[in-house]
Structure formats: structure tokens, C-alpha cells
Amino acid sequence: MMHILRDHNAHGDAARHRSLLGSLGWLCLVLTLGLAAACSEEEALDEQAREFSDWQARNDAFFLSLDDSLRRDAGRWVKLKNISLDPLTDGAPTDYVYALKLDSAAAPEQVFAKHTDSVRISYEGRLMPSGRLYPDGMVYASTVFSQYDSKTNATAKYLVSAMPFAGWQTAVQHMRKGDYWRIYVPYDLGYGSAGSGKVPAYSTLIIDMTLVDISPAGQVMAPWSARRR
């Protein structure tokens, strides 16, 4: 009987030992995976920091270089002063938005959005090219399904006076219905030294934008639907 009890206890001890080893194995695995995830996350943060290193200086240089584009192709490039400033006086370089006219409206009438109007636009906003992670610039907001196409993009509706930053308000008030522009907004007229969401501080904003419709105050805007290809 004692022999049976000793065997039973020995088997119990062995089972407990295996259970303990199994638990320790799982704990080691969890710790290893946790450390690996932490290291991976830290590496990603380091890479992101490198991507946007010296960001203010790089954006300053990039925005000032746009004047060369304006001189080379003044027919398609325009320089627009902040709509809230006196248009008859010279401003600082960052009081202006640059715009590249990619496609002009077919309509001959010169109808522009006013500060009190609502507008419907399709757009894709991105940052300047920054390096290995975002060689074409990080997209931070978009109504685009795949590639930019104003006929199939989704749209967003804004009251002009409530658009998120002054540079965007300025550009849209110089566009006609149907115009497709690429605008370059200095950070002073964008999200400034604070940034916003995915947008780092001191970011030049590059926005491909089509002005789809304009609705004067008190007028209901026609609905819009876009189909994926």
C-alpha cells in the first residue's frame, strides 16, 4: 500500500513539475513576444523621427523653392496672398499660397466661391516628400478611392469660412467651379507650430483639389455621388 502511495505521489510531483515548466515556458514566450513588440515599436518610432528630422528647416527651404517654379511657368503657377490680408501691400513669403493649375474649368463664367458660401470639393492632402517612408509625401487626409479622379472621388462639403486653415480658404476663393489645382500651403497658413493629428508641426501642406460645386449662403447644394471604378 505504501509503495502504491509513493508511486502516486511521485507521479503527482512529476505532473506538477511538468505543469510548472509549461507555465514558465509560456511566461518566457509571452515576455519574449512582448519585448520583441516593444523593440519593434521603438524602432518604428525612431524611423518616424528620422523621417521628419529637421522638419522646420526642410519645409522652409522647400516652400521658398516654389518661387522658382512660379518664375519658370507663370502661366500655370499662381501666387495667392492670404485672403484676410490687404492685397495691395507686399507680405512676407509665408503670407502666400502657391497653386499649380492642373486643369481649368470649361465653364466661361467667372464665378468664384465667397467667404460665406459652401463648397463641395474632392481632394487629397499630403506633406512634402520626406524620405524613405514617404518619398511622395505622407497622405494625411483624402476623399480619393485609389488614384485621383474628380469623376469618381468622394467629396467633402465645407462652409468656406469654416475650412480648417487660412491657406485652404484662400485658394478655394480663387477657384472656379470645375477647376483642379494643386496648392502649396506654408505652415503659417496651415497647422503652424502645433501640427494636427498625423500632421507634424511646421508642415507645408500639398493639396490636390477639385472644386466640384459652389452654393451661396441660403441655397441648398445639389447632392453628389461617386462610384468606384
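We count residues from 1, following the sequence as given. Since this is a predicted model, take the numbers as computed values, not measurements.
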With sequence neighbours left out, what residues match Thr89 under side chain to side chain donor-acceptor pair (under 3.5 Å)? Lys81

Which atom pair, heavy atoms only, marks the closest approach of Ser122 to Ala154? CB-O, 3.4 Å

Side-chain donor-acceptor contacts of residues 187-200 below 3.5 Å, not counting sequence neighbours, with atom names and distances?
{"unit_1": "Tyr187", "atom_1": "OH", "unit_2": "Gln56", "atom_2": "NE2", "d": "3.3"}
{"unit_1": "Tyr187", "atom_1": "OH", "unit_2": "Asp60", "atom_2": "OD1", "d": "2.7"}
{"unit_1": "Lys198", "atom_1": "NZ", "unit_2": "Val139", "atom_2": "O", "d": "3.2"}

Of all pairs that satisfy salt bridge (Lys or Arg N to Asp or Glu O under 4.0 Å), the ones with a partner from residues 83-95, not counting sequence neighbours: none

Under 3.5 Å: donor-acceptor pair, side chain of Gln173, backbone of Lys114: no

Arg58 side chain to Ser53 backbone, donor-acceptor under 3.5 Å: yes

Given the rule that I, L, V, M, F, W and Y join up when any side-chain heavy atoms are under 4.5 Å apart, are Ile183 and Phe112 in one cluster? no

Hey, mind stepping through Met138 and Ser130 against side-chain contact (heavy atoms from CB on, under 4.5 Å) and telling me if it holds? CA-CA 8 Å; Met138 183 188 77; Ser130 54; 5.6 Å; no

Those residues at least two apart in sequence (or on a different chain) that pass side chain to side chain contact (heavy atoms under 4.5 Å, CB included) with Ala156 are Tyr123, Thr143, Tyr158

Please check if Phe165 and Tyr96 belong to a single hydrophobic cluster, counting links between Ile, Leu, Val, Met, Phe, Trp and Tyr side chain heavy atoms closer than 4.5 Å. no

To the nearest 0.5 Å, tell me how far Asp179 CG sits from Ser104 OG. 5.5 Å

Going by atom type alone, with no hydrogens or angles, which donor-acceptor pairs under 3.5 Å involve a side-chain atom of residues 213-220 and a protein atom two or more places apart or on another chain?
{"unit_1": "Asp213", "atom_1": "OD1", "unit_2": "Lys177", "atom_2": "NZ", "d": "3.4"}
{"unit_1": "Ser215", "atom_1": "OG", "unit_2": "Gln219", "atom_2": "O", "d": "2.5"}

Side chain to side chain donor-acceptor pair (under 3.5 Å) with Arg120: which residues, sequence neighbours excluded? Thr155

With side chains defined as the heavy atoms from C-beta onward, is the minimum distance between Tyr98 and Leu70 less than 4.5 Å? yes

If I take atom OG from residue Ser161 and atom CG from residue Asp117, how far apart are they, to the nearest 0.5 angstrom? 9.5 Å

Testing the basics here: between Arg126 and Tyr140, what is the closest heavy-atom pair and its distance to 0.1 Å? N-CE2, 3.3 Å

Looking at every non-hydrogen atom in both residues, tell me the closest pair between Met209 and Ala171 and how far apart they are. CE-CB, 4.3 Å

State, with a plain yes or no, whether a side-chain heavy atom of Phe52 is found less than 4.5 Å away from one of Tyr134. yes

Do side-chain atoms of Glu51 reach the backbone of Leu133 as a donor and acceptor pair under 3.5 angstrom? yes

Nearest heavy-atom neighbours spanning Thr170 and Ile83: OG1-N, 3.0 Å

Taking the side chain as everything from C-beta on, heavy atoms only, tell me whether Met175 gets closer than 4.5 Å to Trp181. yes

Name every donor-acceptor pair, under 3.5 Å, that has one atom in a side chain of residues 71-78 and the other anywhere in the protein, sequence neighbours excluded.
{"unit_1": "Arg71", "atom_1": "NH1", "unit_2": "Asp67", "atom_2": "OD2", "d": "3.1"}
{"unit_1": "Arg71", "atom_1": "NH2", "unit_2": "Asp68", "atom_2": "OD1", "d": "2.3"}
{"unit_1": "Arg72", "atom_1": "NH2", "unit_2": "Ser69", "atom_2": "OG", "d": "3.4"}
{"unit_1": "Asp73", "atom_1": "OD2", "unit_2": "Arg76", "atom_2": "NE", "d": "3.4"}

Minimal heavy-atom distance between Trp168 and Ile121, with the atoms involved, is CZ2-CD1, 3.4 Å

Nearest atoms (heavy-atom pairs only) where Gln169 meets Val160: CG-O, 3.2 Å

Answer with yes or no whether the hydrophobic clustering places Leu102 together with Leu80; edges join I, L, V, M, F, W, Y residues whose side-chain heavy atoms lie under 4.5 Å apart. yes

Given side chains that start at C-beta, do those of Val172 and Met163 come closer than 4.5 Å, heavy atoms only? yes

Applying side chain to side chain donor-acceptor pair (under 3.5 Å) as the test, list every pair that has at least one member in residues 202-212; sequence neighbours left out. Trp55-Ser203, Asn59-Thr204, Tyr148-Thr210, Tyr180-Asp208, Arg182-Asp208

